[in-house]
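What follows is a single structure, written as structure tokens, with notes after it.
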There are 2 protein chains.
Amino acid sequence: MTSVTERDVFLADCPARTTLDLIANTWSVVVIAGLGRGPARFNDLRELIGGISKKMLVETLRRLERNGPVARRTISSAPAGVEYRLTPLGESLLEPVRVLSRWAQDNADDFVSAQDAQLVG
Amino acid sequence: MTSVTERDVFLADCPARTTLDLIANTWSVVVIAGLGRGPARFNDLRELIGGISKKMLVETLRRLERNGPVARRTISSAPAGVEYRLTPLGESLLEPVRVLSRWAQDNADDFVSAQDAQLVG
DNA sequence: CAGTATCCTATCGGATACTG
DNA sequence: CAGTATCCGATAGGATACTG
């Protein structure tokens, strides 16, 4: 029994594509990877993630919250604040995110040199 | 012996972050995944990848070409045209891209329902 | 501490028309 | 077939100032 509606990233207007649109961007990947280290407060995340603005961090967290992978919790005990953590869905996203990040880290020098070669040539 | 310059996606202005910026977007992921099926012509890719415009396909291919994962070749034999294929670097990117795409396909329904719940609530 | 609100620019990305 | 060129609206994203 195959379902009539496929889930294929090659198809426009498919939930799989919509999902890819939401997770396949730098800030989503880095925020998920950051929360993979454990629950964190807003400003902890800002310190961990170099170059992210308050605006983008808020927007990224809200979007991930809306779609499931991230949960937000208010801390009443001192020091008061908020805590973000991965949901089970977010935990399952951790592996893809880490595989991609690791690739970026391992192949960064090849990318850079290819770009340099282009600039020189 | 640890190198002085780290390769960490958490660091702004790090080659790893720059690399992530270039690959962590929908069109890059889908184009790499598409070329993972084998070498393809420009219009073959346009047919395979739903919703991509000529403009975005050209720009994505050029960017991936500049940075290494994709190679472009002119076909002189009939029917004449061009062929895009993955380089060895591109092949190594295939696994991360497939892991991410598969996650999107497998969890698309959870994402959608989470969003629906938000709309209702 | 954890945001909001506003402004402004750059890039994304579709539509359309044209080219060798 | 495989683009290029141009126009245009929508979104990304930084800077800054303000808030409970």
Side-chain angles (χ1 to χ4, degrees), chain A residues 9-14 17-32 34-35 39-67 70-85 115, chain B residues 9-14 17-32 34-35 39-67 70-85 115:
Chain A
V9 293
F10 290 121
L11 302 174
D13 307 324
C14 172
R17 172 69 71 80
T18 310
T19 300
L20 191 64
D21 283 337
L22 288 164
I23 60 175
N25 64 77
T26 305
W27 295 139
S28 292
V29 167
V30 182
V31 164
I32 294 288
L35 289 176
R41 287 157 174 260
F42 185 83
N43 284 322
D44 292 342
L45 284 172
R46 278 208 73 196
E47 279 178 48
L48 173 64
I49 302 170
I52 198 168
S53 63
K54 293 165 94 165
K55 188 188 172 193
M56 290 318 296
L57 182 53
V58 171
E59 287 182 9
T60 303
L61 286 168
R62 294 284 176 274
R63 185 170 356 102
L64 293 172
E65 221 186 315
R66 266 208 319 276
N67 292 287
V70 167
R72 180 183 183 274
R73 187 174 70 99
T74 304
I75 306 170
S76 18
S77 61
V82 288
E83 182 197 79
Y84 293 94
R85 62 180 169 78
Q115 221 164 18
Chain B
V9 292
F10 291 121
L11 303 174
D13 307 323
C14 172
R17 172 70 69 80
T18 310
T19 300
L20 192 64
D21 284 335
L22 289 164
I23 60 174
N25 63 79
T26 305
W27 295 140
S28 292
V29 167
V30 182
V31 165
I32 293 288
L35 290 176
R41 287 157 175 258
F42 185 83
N43 285 322
D44 293 341
L45 284 172
R46 278 209 72 193
E47 278 178 49
L48 173 64
I49 302 170
I52 198 168
S53 63
K54 293 165 93 165
K55 188 190 172 190
M56 289 318 297
L57 183 53
V58 171
E59 287 181 9
T60 303
L61 286 168
R62 295 285 176 274
R63 184 171 356 101
L64 293 172
E65 222 186 314
R66 265 208 317 278
N67 293 286
V70 167
R72 180 182 184 273
R73 187 174 71 97
T74 305
I75 305 171
S76 17
S77 61
V82 289
E83 181 196 78
Y84 293 93
R85 61 181 169 79
Q115 220 165 18

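Values reported hereafter were calculated over all heavy atoms of this structure, with side chains retained and with hydrogens, waters and symmetry mates removed. Residue numbers begin at 1 in each chain, while the letters A, B, ... track the order of the sequences.
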Going through the checks in order, is the side chain to side chain contact (heavy atoms under 4.5 Å, CB included) test met by B:Trp27 and B:Ile49? CA-CA 9 Å; B:Trp27 295 140; B:Ile49 302 170; 3.9 Å; yes
Return the value, rounded to whole Å, for the distance between atom CD1 of A:Ile52 and atom P of C:dG3. 13 Å
Rounding to an integer number of Å, can you tell me how far B:Met56 CE sits from C:dA15 C1'? 14 Å
To the nearest 0.5 Å, atom CG of B:Asp13 lies from atom OG1 of B:Thr18 at 7.5 Å
Here the pair of heavy atoms bringing A:Phe42 nearest to A:Leu57 is O-CD2, 3.6 Å
Just report the end-to-end axis angle for the helix from C:dC1-D:dG20 to C:dG20-D:dC1, five pairs per end, to 10 degrees. 50°
Would you indicate, yes or no, if C:dG3 has its OP1 or OP2 atom less than 4.0 angstrom from a side-chain nitrogen or oxygen of A:Arg72? yes
Ion pair check, A:Glu83 and A:Arg73, cut-off under 4.0 Å: yes
Nucleotide of D:dG3, C:dT4, D:dC1 approaching A:Val58 most closely (side-chain heavy atoms): C:dT4
Hey, does A:Glu59 have a side-chain heavy atom less than 4.5 Å from the side chain of A:Ser53? no
Nearest-Å distance, CG (A:Asp13) to C1' (C:dG14)? 14 Å
A:Leu57 CG to D:dA15 P: how many Å, rounded? 15 Å
Short side-chain to backbone donor-acceptor contact, A:Asn25 and A:Ser28, under 3.5 Å: yes
Just how far, in rounded Å, is P of D:dT6 from NZ of B:Lys55? 12 Å
Establish, with yes or no, whether the OP1 or OP2 oxygen of C:dG3 is under 4.0 angstrom from a side-chain nitrogen or oxygen of A:Tyr84. yes
Which sits closer to the 5' end of DNA chain C, A:Asp44 or B:Glu59, going by the nucleotide each is nearest to? A:Asp44
Only counting residues at least two apart or in another chain, list the ones meeting side chain to side chain contact (heavy atoms under 4.5 Å, CB included) with A:Asp21. A:Arg17, B:Thr26
On the nucleotide C:dT4, are OP1 or OP2 found under 4.0 Å from the side-chain N or O atoms that A:Arg62 carries? yes
How long is the line joining CZ of B:Arg41 and P of D:dA2, in whole Å? 5 Å
Rounded interatomic separation in angstrom, taking NZ from A:Lys54 and C1' from C:dT4: 9 Å
Distance, rounded to the nearest Å, where B:Asn25 contributes CG and C:dC12 contributes P: 9 Å
